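Quick notes on the structure that follows.
No experiment lies behind these values; they were computed from the predicted model shown.
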Amino acid sequence: MAPSVNRRSPRHDLHPPTAASFADVLSFPLVWGAIGVPIFFVLSGYVIHRRAALSPKTSVARFSPPNFLMRRFVRIYPTLVGALIVTLVCDLAARSLVAHDENYGPLGWQGFLGNLAALQGVVCPPYGSNDPLWSLSIEIQFYLLYPIALLCARRLGRWKMLLAALLFSAAGYGLAARTGFIAFPQYYFTWWLGAFLAESEAAAWKLPRFWWAGAGLALAAGCALTLAGQTFFAFNLWALGVAPILYAIITRGALVEGALAGALRFVGKFSYSLYAIHMPLVVLASVVIFHAVKQPGLLPVVAVWAATVPFAYLFYLAVERPSVRLLGKMPH
């Protein structure tokens, strides 16, 4: 007897690829979106320290910790308070539609005050769904330490201070492994790396070729370690990988021109607002549109993220821009 034959072509058993499935594959790199945190820390360290780095002989004598901390307060806290209020409103609205979701978090007053005190990860969890604000708590802790770090940097010099920051981060990692705390020590190397770039700019330092050669390897290793759950090591490798790119921009000028540069500058104006409120907006939108059902691909989520941009710009106009204007009138 002849064997039975499946007369249907195997090709017909497969679902043909669609534009959406290809887009989901292309969106896969977004799983490494956490790379934005070390980039942010490196940029912050550079921006905060640049003024002192360009005038090293007078920076300590003229540096006023009260003025510095007040300027940081005005720049950070109006937007932070507004973001926590947006989180409360969005989360309450989402919970009225879907009672339980893995993205929800506690909305008690203890968490609200703990996040205002930059103690998220130490004494309180993230406030509601706004988990990304953990990095802002770390940033505020960097600011509080900066007056002491400035004195240490003047005594130790550029390279020894960078080494001290690395050892400090290693000690912070060991402490975090035992206590579970998330605080500034374990991330301090990434922040001071930006300050190191500011001092290197002042010294007209030429970036060694080995740093460029290792940058791609560091970025790739950081991606691999993130998938393995080793975020501490990934963050430091990512910082080392992006540092030469930032230094090239500092010393050689913008890497992009024209309309793209204009678009980046425009988004950069309200990037803090976008960072501060995007997650509760995304959570609320996912509840309204997808009924809190996790989507099989990243494309729908990316579309929701994109939809938060105009809301973030309106938030910037109403909350962040007035504080930026006030900052321009304050003494350094």
Side-chain angles (χ1 to χ4, degrees), residues 27-50 53 132 134-136 138-139 141-143 146 149 153 158-159 161-170 172-173 182 184-257 260-261 263-265 267-269 271-272 274-275 278 305:
S27 67
F28 175 70
L30 292 172
V31 303
W32 292 300
I35 194 174
V37 177
I39 293 174
F40 168 63
F41 285 165
V42 174
L43 281 170
S44 173
Y46 169 76
V47 171
I48 294 299
H49 190 60
R50 186 175 187 269
W134 74 267
S135 58
L136 184 59
I138 302 295
E139 183 74 9
Q141 294 165 24
F142 290 153
Y143 298 156
Y146 181 67
R158 181 161 53 109
W159 286 100
M161 183 62 187
L162 185 64
L163 177 60
L166 178 60
L167 296 175
F168 190 52
S169 286
Y173 172 72
I182 300 175
F184 74 93
Q186 64 219 76
Y187 300 102
Y188 199 70
F189 173 74
T190 60
W191 195 82
W192 194 261
L193 183 59
F196 171 85
L197 295 181
E199 296 199 342
S200 299
E201 177 192 11
W205 180 56
K206 186 177 181 180
L207 192 71
R209 291 184 178 179
F210 73 82
W211 201 345
W212 274 114
L217 182 61
L219 291 172
C223 291
L225 287 171
T226 299
L227 294 178
Q230 300 294 325
T231 55
F232 169 78
F233 298 102
F235 274 33
N236 285 282
L237 286 171
W238 277 338
L240 288 170
V242 302
I245 301 173
L246 174 59
Y247 196 67
I249 296 173
I250 294 169
T251 57
R252 303 176 190 176
L255 300 182
V256 295
E257 299 291 347
L260 178 58
L264 292 174
R265 281 193 294 267
V267 176
K269 287 172 57 176
S271 58
Y272 176 31
L274 181 60
Y275 152 80
H278 78 277
W305 286 349

* Test Val42 against Leu197 for side chain to side chain contact (heavy atoms under 4.5 Å, CB included), laying out the working first. => CA-CA 9 Å; Val42 174; Leu197 295 181; 4.1 Å; yes
* Taking all heavy atoms of Trp212 and all of Leu207, pick out the closest pair and write down the distance. => NE1-CD2, 3.0 Å
* Structure fact -> Shortest non-hydrogen pair, His278 vs Pro132, comes out as CE1-CG, 3.9 Å
* Might you point out which heavy atoms bring Ala53 and Ala202 nearest each other, and give the distance in Å? => O-CB, 3.3 Å
* Beyond-backbone contact of Ile35 with Leu219, side-chain heavy atoms, under 4.5 angstrom -> yes
* Where Leu240 and Trp211 come nearest, the two heavy atoms and their spacing -> O-NE1, 2.9 Å
* To do: Would you kindly say whether Tyr247 and Glu201 are connected by a side-chain donor-acceptor distance under 3.5 Å?
  => no
* Asked: Can you tell me how far the CD atom of Glu199 sits from the CZ atom of Arg50, to the nearest 0.5 Å?
  -> 13.0 Å
* Structure fact -> d(Thr190 OG1, Leu237 CG) to nearest 0.5 Å is 11.5 Å
* To do: Just do the side chain to side chain contact (heavy atoms under 4.5 Å, CB included) check on Glu139 and Phe184 with the steps written out, would you?
  => CA-CA 7 Å; Glu139 183 74 9; Phe184 74 93; over 6 Å; no
* From OG (Ser200) to CH2 (Trp159), nearest 0.5 Å -> 6.5 Å
* Taking Leu225 as the fixed residue, which of Phe232, Phe233, Phe235 is the one that meets the side chain to side chain contact (heavy atoms under 4.5 Å, CB included) rule? -> Phe233
* Asked: If we only count heavy atoms from C-beta on, is the Leu162 to Leu193 side-chain gap below 4.5 Å?
  -> yes
* To do: Can you see which heavy atom on Gly222 is nearest to which on Ala234, and at what distance?
  => O-CB, 3.3 Å
* Distance-only, no hydrogens or angles: does the Ser271 side chain make a donor-acceptor pair with backbone N or O of Gly268 under 3.5 Å? -> yes
* Asked: Between Trp192 and His49, what is the ring plane arrangement, given parallel below 30°, perpendicular above 60°, and tilted in between?
  -> tilted
* With side chains defined as the heavy atoms from C-beta onward, is the minimum distance between Trp238 and Ile39 less than 4.5 Å? -> no
* Asked: With side chains defined as the heavy atoms from C-beta onward, is the minimum distance between Tyr143 and Ser44 less than 4.5 Å?
  -> yes
* Donor-acceptor under 3.5 Å (Thr231 side chain, Thr226 main chain) -> no
* **Pair Leu167-Phe189, side chain to side chain contact (heavy atoms under 4.5 Å, CB included): steps then yes or no** => CA-CA 8 Å; Leu167 296 175; Phe189 173 74; over 6 Å; no
* Please say which of Phe40, Phe142, Phe196 ends up in a ring-ring contact (aromatic ring centres under 6.0 Å, His included) with Trp191. => Phe142
* When rounded to the nearest 0.5 angstrom, what distance separates CG in Leu274 from NZ in Lys269? -> 14.5 Å
* Asked: So, Tyr275 and Ser135: side-chain donor and acceptor under 3.5 Å apart, yes or no?
  -> yes
* Heavy-atom closest pair, residues Ala215 and Gly241 -> CB-O, 3.6 Å
* List the steps and the verdict of side chain to side chain contact (heavy atoms under 4.5 Å, CB included) for Leu166 and Tyr188. => CA-CA 7 Å; Leu166 178 60; Tyr188 199 70; over 6 Å; no
* Measure the acute angle between the ring planes of Tyr187 and Trp134, then classify it against the limits of 30° and 60° as parallel, tilted or perpendicular. => tilted
